[in-house]
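So you know, we letter chains A, B, ... as the sequences are listed, proteins then strands, and number each from 1.
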Protein chains: 2
Amino acid sequence: MSAQVKEPLSGPVWTVRELADELGVTTRTLRFYEAEGLLAPLRVGTSRRYTARDHTRLVLILRGKRFGMSLPEIREILEMYDGVDSGAATGERAQLTSLIERLGQIRADLQARRDDLDRTLAEVETVVLGCRRRLVELEEEDQR
Amino acid sequence: MSAQVKEPLSGPVWTVRELADELGVTTRTLRFYEAEGLLAPLRVGTSRRYTARDHTRLVLILRGKRFGMSLPEIREILEMYDGVDSGAATGERAQLTSLIERLGQIRADLQARRDDLDRTLAEVETVVLGCRRRLVELEEEDQR
DNA sequence: TCGTCTCTTGACGTTTACGTCAACGTCAAG
DNA sequence: CTTGACGTTGACGTAAACGTCAAGAGACGA
């Protein structure tokens with residue numbers, strides 16, 4: 001077993017509202033993500049207590065969403081994130097290598113998306129240049 | 001009026017199926033995009049004829065979608081794309097400058113998305129490294 | 001002329017990612 | 001002890017982006 005430092009059992013915690021307000025989502029969204037297996041807050045009675053882990057995951061979730069990842073896609077990455085330092089489950093070498101392979105696919109996918117994004121950015125720049133050029137044309141027409 | 005070169009009136013054209021198959025979408029999608037004002041194929045009788053312009057726009061649409069742009073967002077960019085070299089409509093300097101300003105916002109938005117994407121890519125790399133490290137640990141455990 | 005193909009326009013169904021109630025528990029302040 | 005403020009679980013509604021029929025028009029080879 002790798003030397004794991006047991007958390008002091010009580011780090012910072014958030015209520016639904018606190019976490020929702022801090023990261024700019026609704027409580028409904030948090031409960032929805034929990035139902036989808038993306039978050040797993042503790043319970044005090046019936047009430048949810050979100051830990052730093054949930055906080056981190058939510059940041060990652062929102063980040064992924066902003067450039068078009070679906071919740072299932074995001075969940076897959078989060079689960080891999082768990083899998084690794086929790087000892088890769090009963091993860092022998094085979095598990096780990098297939099995990100690495102899958103991560104390679106994911107990386108390729110993300111890089112493809114970034115290429116698309118960059119190309120679109122380039123297009124936008126082209127339009128800007130077109131606008132500027134047109135402006136110059138107007139100036140010249142005026143000065144004649 | 002800027003010197004416009006009238007297209008030879010007949011460049012390459014596609015039927016729905018041809019265009020759909022070439023870019024990997026369904027005909028339904030093409031008609032949907034048309035209804036949303038993203039494409040505007042010619043008509044021969046009741047039948048659609050997609051031109052190079054439609055082809056180009058569809059490429060841009062699909063590109064934008066891949067990293068999370070909504071159809072309204074994409075449409076806005078496409079319309080700007082038109083607006084510029086079609087003389088910016090009745091676009092005086094004011095129109096052009098506000099257009100450039102809007103394009104600046106869009107560029108900032110896209111760059112923010114790319115930052116999120118890059119951060120996510122970095123996270124994925126971190127997980128990969130974790131996997132590799134774990135693999136090395138297993139090797140060491142074996143050799144003892 | 002008869003299928004067969006491909007096209008057309010509705011119109012309703014589906015999935016994702018939540019929004020929006022309703023109805024109820026609970027806990028501290030007044 | 002009641003009143004909010006905050007929490008909970010359903011359950012249904014909704015917007016975006018198409019999917020999936022249904023029913024019919026037009027062309028085209030046998």
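Helix-axis bend for the helix from dT1(C)-dA30(D) to dG30(C)-dC1(D): the local axis fitted to the five terminal pairs at one end deviates from that at the other end by 10°, rounded to 10°.
At least one side-chain heavy atom of L30(B) sits under 4.5 Å from a side-chain heavy atom of L58(B). Inter-residue side-chain proximity for V136(B) and R132(B) is flagged as unmet; no heavy-atom pair is nearer than 4.5 Å. For the pair Y81(A) and E123(B), the minimum side-chain heavy-atom distance is below 4.5 Å. Within the 4.5 Å cutoff, side-chain heavy atoms of T120(B) are placed close to those of F67(A). Looking only at side-chain heavy atoms (C-beta outward), L71(B) and F32(B) come within less than 4.5 Å of each other.
In this structure a side-chain-to-backbone donor-acceptor pair under 3.5 Å is present from R75(B) to E36(B). At distances below 3.5 Å, at least one donor-acceptor pair connects side-chain atoms of R113(A) with backbone N or O atoms of G68(A). Judged purely by atom type and a 3.5 angstrom limit, R49(A) has no side-chain atom pairing as donor or acceptor with the backbone of V44(A). In this structure, the side chain of R57(A) engages the main chain of L38(A) through a donor-acceptor pair within 3.5 Å. Judged by distance alone, the side chain of D116(B) and the main-chain N or O of G64(A) form no donor-acceptor pair under 3.5 Å.
Between L23(B) atom CG and dC18(D) atom P there is a gap of 14 Å when expressed in whole angstrom units. For the pair W14(B) CH2 and dC7(C) C1', the computed distance is 19 Å after rounding to whole Å. Here the C1' atom of nucleotide dC6(D) and the OH atom of Y50(A) are 14 Å apart, to the nearest Å. Atom P of nucleotide dT9(C) and atom CZ of R28(B) are separated by 11 Å, given to the nearest angstrom. We find that CZ of R17(A) is positioned 6 Å from P of dG7(D), with the value rounded to whole Å. When rounded to the nearest whole Å, the span between CG of L19(B) and C1' of dC7(C) equals 15 Å.
A sub-4.0 Å separation between OP1 or OP2 of dC7(C) and a side-chain N or O of T15(B) is present.
A heavy atom closer than 4.0 Å to some atom of DNA chain D occurs in K65(B), S70(B), L71(B), P72(B), these being the qualifying members of residues 58-73 of chain B. If you check residues 29-46 of chain B against DNA chain D, the residues with a heavy atom closer than 4.0 Å are T29(B), F32(B), Y33(B), listed by number.
Contact detail for A20(B) and T26(B): the closest heavy-atom pair is CB-C, 3.9 Å.
Within 3.5 Å, no donor on the side chain of R48(A) pairs with an acceptor on the base of dT8(D), nor the reverse.
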